Participant: 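What follows is a single structure, and I will ask about it in a moment.
Because the structure is predicted, anything quoted here is derived from the model rather than measured.
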Amino acid sequence: SGNNGDGGYVGVIRNDSNTANYHGLLVSTSYDTTASDILTLKTNSANPVTGGTEVLRVTGDGRGISNFTAQVWVNFNGSGTIAIRDSHNVSALSDNGSGDYTVVIDVNMANANYCIGLATANNSVRQFVVAGNDAVGNFTVRAQNGSGSNADTDYVYCTVFGDAGS
């Protein structure tokens, strides 16, 4: 373990021949909780402070950024007055009409090539269709009934995986 001057790092395991090549996982921390990144996990590197591949970063606002964590998720009421029940990285919702909603992402995605998983809990709504205007800062969800018409639904669940923005 050691300290890089800006915070610290722990968990570096050297190889048996005691060369400059490291094996293991680097945990880099910042002691300043106002810093933009307070925890970084990296893979192997000859220089564990400046090298390696980032596998997980925890930001000062509590977001966990990696390829295996959801960048956005929301559970909201899509019937009557729409309202967020719980969410992560969602700043607002818009009601565009019956069964048509826009989810506004708080910290933008890096690009619009993300994957959205959707579900609903309402017997009259049979499928979801995501409109084609996905953007780095929002996406539109349309809930449709069995005949293909937009219809409000009581529970809407959305999860987004993809490259996180800054």
Participant: According to ring-ring contact (aromatic ring centres under 6.0 Å, His included), who are the partners of Phe76, at least two apart in sequence or on a separate chain?
Facilitator: Tyr101
Participant: Testing Asp86, Asn89, Val160 one by one against Trp73 for a side chain to side chain contact (heavy atoms under 4.5 Å, CB included), which residue passes?
Facilitator: Asp86
Participant: Between atom OG1 of Thr120 and atom CD of Gln144, what is the distance when rounded to the nearest 0.5 Å?
Facilitator: 12.0 Å
Participant: Please evaluate residues Thr140 and Asn96 with respect to the criterion side-chain hydrogen bond (donor to acceptor under 3.5 Å, both in side chains), reporting the C-alpha separation (whole Å), side-chain torsions for both, the decisive distance (0.1 Å), and the verdict.
Facilitator: CA-CA 9 Å; Thr140 302; Asn96 307 321; 4.8 Å; no
Participant: What is the distance from atom CD1 of Ile82 to atom OG1 of Thr153, rounded to the nearest 0.5 Å?
Facilitator: 12.5 Å
Participant: Listed by chain and number, what are the side-chain contact (heavy atoms from CB on, under 4.5 Å) partners of Val90, not counting sequence neighbours?
Facilitator: Val72, Val74, Ile84, Ser87, Val103
Participant: Run the side-chain contact (heavy atoms from CB on, under 4.5 Å) test against Ser98 and tell me which residues pass, sequence neighbours left out.
Facilitator: Asp152
Participant: Locate the shortest heavy-atom distance separating Gly80 from Asp95; write the atom from each residue and the value.
Facilitator: O-OD2, 4.0 Å
Participant: Residues in side chain to side chain donor-acceptor pair (under 3.5 Å) with Asn111, at least two apart?
Facilitator: none
Participant: Provide the closest heavy-atom pair for Ala164 versus Ala110 in the form atom of the first, atom of the second, distance.
Facilitator: O-CB, 3.4 Å
Participant: Would you indicate whether the side-chain heavy atoms of Ile116 and Phe139 approach each other to under 4.5 Å?
Facilitator: yes
Participant: Measure the CG-CG distance between Asn113 and Asp134 for me, rounded to the nearest 0.5 Å.
Facilitator: 9.5 Å
Participant: Might you point out which heavy atoms bring Gln71 and His88 nearest each other, and give the distance in Å?
Facilitator: O-CD2, 3.6 Å
Participant: Passes side-chain contact (heavy atoms from CB on, under 4.5 Å), Leu118 versus Val141? Steps please.
Facilitator: CA-CA 9 Å; Leu118 302 165; Val141 176; 4.0 Å; yes
Participant: Please name all residues satisfying side-chain contact (heavy atoms from CB on, under 4.5 Å) with Thr81, sequence neighbours left out, ordered by chain then number.
Facilitator: none
Participant: Would you say Tyr114's side chain and Ala135's backbone share a donor-acceptor pair under 3.5 angstrom?
Facilitator: yes
Participant: Kindly write out the residues that satisfy side-chain contact (heavy atoms from CB on, under 4.5 Å) with Asn77, not counting sequence neighbours, or none if the list is empty.
Facilitator: Ser79, Arg85
